[in-house]
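Written out below as structure tokens is the structure these notes cover.
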Amino acid sequence: MRSAPTILHLDMDAFFAAVEQAAKPSLRGKPVVVGGLGPRGVVATASYEARVHGVHSAMAMAHARRLCPNAAYLVPRFAVYRQISDIVMELLSRLSPLVEPLSLDEAFVDLEAGGIADDPRAVGERLRADIKAATGLTGSVGLAGSKLLAKIASEQAKPDGLVLIEPGTERELLAPMQVRTLPGVGPATAEHLRRAGILTVGEVVEAGEAELVRLLGKAHGAHVHGMALGIDERPVVADRESKSVSVEDTFDVDLTDRVRVRLEVDRLAERCVRRLRSAGRSGRTVVLKVRRYDFTTLTRSETLRAPTDDLAVVRETAARLLEAVDITGGVRLLGVGVAGLADFTQEDLFAQAAERDEESAADEDSGASQGTPERPAEEAGPAERRWVPGQDVRHTEYGAGWVQGSGVGRVTVRFEEPGSAEPGRVRTFAVTDAELEPSEPLPLVLSDLPGLPRQLSPASVPKSRSGGGSGTGPESEGPLMP
């Protein structure tokens with residue numbers, strides 16, 4: 001424990017939803033829910049206006065719709081969130097070399113390591129002002145002598161505030177809080193403590209370390225008791241090493257066709273390898289996750305001879321793992337990941353040769369089929385595209401906008417930009433309208449702070465995809481463990 005509040009915790013306020021409100025003037029001050037929009041979708045973030053109705057993160061989207069039917073329900077735009085997160089993390093790195101990101105919108109900062117420990121409150125206020133100027137968004141800041149208390153302080157500061165916990169006041173602050181406040185106390189531990197009559201942090205202290213050790217075991221019991229006393233010696237660790245890269249999708253309807261399941265595994269393997277390569281990493285262990293119709297979750301893995309980032313190797317290994325899984329009755333979720341990460345690869349020459357043969361065969365098939373199409377191109381109708389709520393679009397006549405909804409061959413678009421003073425106009429088009437195209441996101445704020453990039457430049461943001469995945473969004477992320 002430090003004698004000065006030099007550990008800072010930043011938590012952006014309702015981050016995904018706040019970005020959408022900032023980008024879409026018509027949604028400001030209104031309930032917004034971001035997440036998977038399918039029947040099995042999950043809420044990623046809800047705006048404070050939606051939280052008033054009981055909507056919260058990790059809630060089933062169907063339940064959220066019942067609680068707040070008039071909210072705007074949007075798919076996540078992860079490329080946008082990552083760009084804005086990069087700006088926020090850059091501002092944090094100017095405070096100290098020790099920045100520990102926990103997610104896109106949350107991080108610890110060691111101010112002492114940055115040599116600016118004299119007036120932590122002024123540092124926190126200046127940080128909040130810089131984030132507002134650079135992104136147009138608000139964040140809450142907690143300052144304390146430990147990571148535990150800094151995080152608690154930022155929770156108390158929400159939304160758009162700053163709370164500083166003076167060293168020496170920890171026990172008084174923690175005593176009335178629920179035991180789930182403490183790191184390492186999950187649902188199972190909390191239930192175990194509840195059965196022993198321990199509900200608050202103060203009651204954990206009163207029970208004593210010996211009783212906690214008896215209830216939870218030596219290591220866990222001592223850890224929980226120490227945290228209850230406000231003792232937290234965990235350092236801020238910069239550049240935490242990723243242990244795995246993974247992607248997963250939840251399906252609106254259970255998949256029962258094994259061929260379709262195999263195709264989805266191939267698609268997930270491709271996304272996983274793309275993410276692996278973009279991080280400049282490789283891995284030795286391929287992991288397959290399957291959640292069946294009855295919610296039982298199976299995880300299978302295979303360790304390779306050497307690290308790889310070869311698509312053919314990952315795809316074939318995942319397919320081999322799938323063959324060993326019983327999917328009778330249907331599959332509701334699939335995931336593919338690579339663990340045991342390394343910074344180098346040892347090329348699998350056989351796999352590469354197989355991939356080259358595959359590509360050559362595909363090229364030959366493509367060339368052969370071009371001469372005898374099933375239907376002449378001039379007779380083929382325009383392909384019907386899928387549009388998802390929240391997607392960025394541009395119309396040749398009306399300019400930039402976003403999709404409000406679509407169905408029965410029509411798509412409704414609101415034409416407005418982040419800097420618009422008033423909500424934009426709404427127009428409806430055929431889903432095949434050639435003048436309407438997916439587009440890159442517009443910047444929220446063109447920052448004037450020195451050294452910061454102009455966020456969301458068209459060259460750095462990929463075009464939005466026309467189709468949205470189910471589950472938690474078009475690029476669902478998360479660990480592959482059940």
Side-chain angles (χ1 to χ4, degrees), residues 10-35 37 43-57 59 61 64-65 67-85 87-88 104-105 128-141 157-161 387-395 398-406 411-428 439-448 454-456 461 464 473:
L10 170 73
D11 196 354
M12 299 296 288
D13 299 324
F15 184 51
F16 294 178
V19 170
E20 300 302 338
Q21 289 177 318
K24 302 171 174 63
S26 59
L27 299 183
R28 293 168 190 169
K30 297 180 180 178
V32 174
V33 180
V34 179
L37 302 187
V43 174
T45 307
S47 69
Y48 287 99
E49 295 86 354
R51 296 182 190 188
V52 171
H53 298 272
V55 181
H56 58 78
S57 300
M59 172 182 285
M61 190 63 78
R65 289 183 185 275
L67 292 174
C68 191
N70 296 323
Y73 289 87
L74 309 176
V75 295
R77 298 185 301 155
F78 288 110
V80 182
Y81 309 147
R82 288 190 185 102
Q83 287 277 333
I84 298 173
S85 175
I87 293 174
V88 173
L104 290 176
D105 64 333
R128 292 176 57 238
D130 286 348
I131 290 172
K132 180 71 173 179
T135 67
L137 305 177
T138 64
S140 297
V141 170
K158 284 187 168 293
D160 190 20
W387 306 95
V388 292
Q391 179 182 352
D392 294 289
V393 296
R394 181 171 289 277
H395 191 274
Y398 302 109
W402 58 279
V403 174
Q404 281 198 325
S406 65
V411 55
T412 300
V413 177
R414 185 180 288 274
F415 291 97
E416 59 186 2
E417 300 184 7
S420 303
E422 300 291 336
R425 298 188 64 180
V426 176
R427 295 187 180 274
T428 300
S439 75
E440 294 125 356
L442 295 174
L444 300 187
V445 175
L446 293 178
S447 174
D448 292 327
R454 285 192 159 207
Q455 56 169 303
L456 310 181
V461 180
S464 303

Contacts of type side chain to side chain contact (heavy atoms under 4.5 Å, CB included), residue A71, not counting sequence neighbours:
P31, V33, C68, Y73

Just so I know, are the side chains of V19 and F15 near enough to count as touching, which here means a heavy-atom distance under 4.5 Å?
yes

Is there a side chain to side chain contact (heavy atoms under 4.5 Å, CB included) between Q391 and V413 once you walk through the steps?
CA-CA 9 Å; Q391 179 182 352; V413 177; over 6 Å; no

Using the side chain to side chain contact (heavy atoms under 4.5 Å, CB included) criterion, which residues pair with H395? Sequence neighbours excluded.
E397, Y398, F415, F429, D433, E435, L436

For E49 and V32, what are the C-alpha separation, side-chain angles and deciding distance, and is it a side chain to side chain contact (heavy atoms under 4.5 Å, CB included)?
CA-CA 7 Å; E49 295 86 354; V32 174; over 6 Å; no

Might you point out which heavy atoms bring G424 and R414 nearest each other, and give the distance in Å?
O-NH1, 2.6 Å

Nearest 0.5 Å, please: how far is CD in Q83 from CG in L444?
10.5 Å

Taking side chain to side chain donor-acceptor pair (under 3.5 Å) as the test, write out the residues that go with R128, two or more places apart.
E125, D160

Counting distance only, does the side-chain N/O of R28 pair as donor-acceptor with the main-chain N or O of A22 below 3.5 Å?
yes

I need the minimum non-hydrogen distance between S47 and K30, along with the two atoms involved.
OG-O, 3.6 Å

With sequence neighbours left out, what residues match T428 under side chain to side chain donor-acceptor pair (under 3.5 Å)?
T412

Keeping the roles fixed (side chain from S420, backbone from P25), state whether a donor-acceptor pair exists under 3.5 Å.
no

Sorted by chain and residue number, the side chain to side chain donor-acceptor pair (under 3.5 Å) partners of T138 (sequence neighbours excluded) come out as D13

Would H56 and V43 count as a side chain to side chain contact (heavy atoms under 4.5 Å, CB included) if you check the C-alpha gap in whole Å, the side-chain angles of each, and the deciding distance to 0.1 Å?
CA-CA 7 Å; H56 58 78; V43 174; over 6 Å; no

Just jot down the side chain to side chain donor-acceptor pair (under 3.5 Å) partners of T45, sequence neighbours excluded, or say none.
none

Heavy-atom distance under 4.5 Å between the side chains of L74 and W402, does that happen here?
yes

Run the ring-ring contact (aromatic ring centres under 6.0 Å, His included) test against F16 and tell me which residues pass, sequence neighbours left out.
F78, Y81

How close do P76 and G35 get, heavy atom to heavy atom, and via which atoms?
CD-O, 3.5 Å

V403 and V388, any side-chain heavy atoms less than 4.5 Å apart:
no

When rounded to the nearest 0.5 angstrom, what is the spacing between CE in M12 and CD1 in I84?
8.0 Å

In sequence, state the C-alpha distance, the side-chain angles, and the governing distance for D11 and D105, and then conclude on side chain to side chain contact (heavy atoms under 4.5 Å, CB included).
CA-CA 6 Å; D11 196 354; D105 64 333; 3.8 Å; yes

Between G405 and P389 the two heavy atoms that sit nearest each other are CA-CG, 4.5 Å

With sequence neighbours excluded, residues passing side chain to side chain contact (heavy atoms under 4.5 Å, CB included) with S57
none

Distance from L442 atom CG to D392 atom CG, nearest 0.5 Å?
7.0 Å

Looking only at heavy atoms, the pair that brings P443 and P418 closest together is O-CG, 3.5 Å

With sequence neighbours excluded, tell me which residues meet salt bridge (charged side-chain N to carboxylate O under 4.0 Å, His left out) with E20.
K24, R77

Are any non-hydrogen side-chain atoms of L137 and V88 less than 4.5 angstrom apart?
no

Pairs touching residues 418-427 that satisfy salt bridge (charged side-chain N to carboxylate O under 4.0 Å, His left out), sequence neighbours left out:
none

Please name the pair of heavy atoms, one in H53 and one in L67, separated by the smallest distance, quoted to 0.1 Å.
O-CB, 3.7 Å

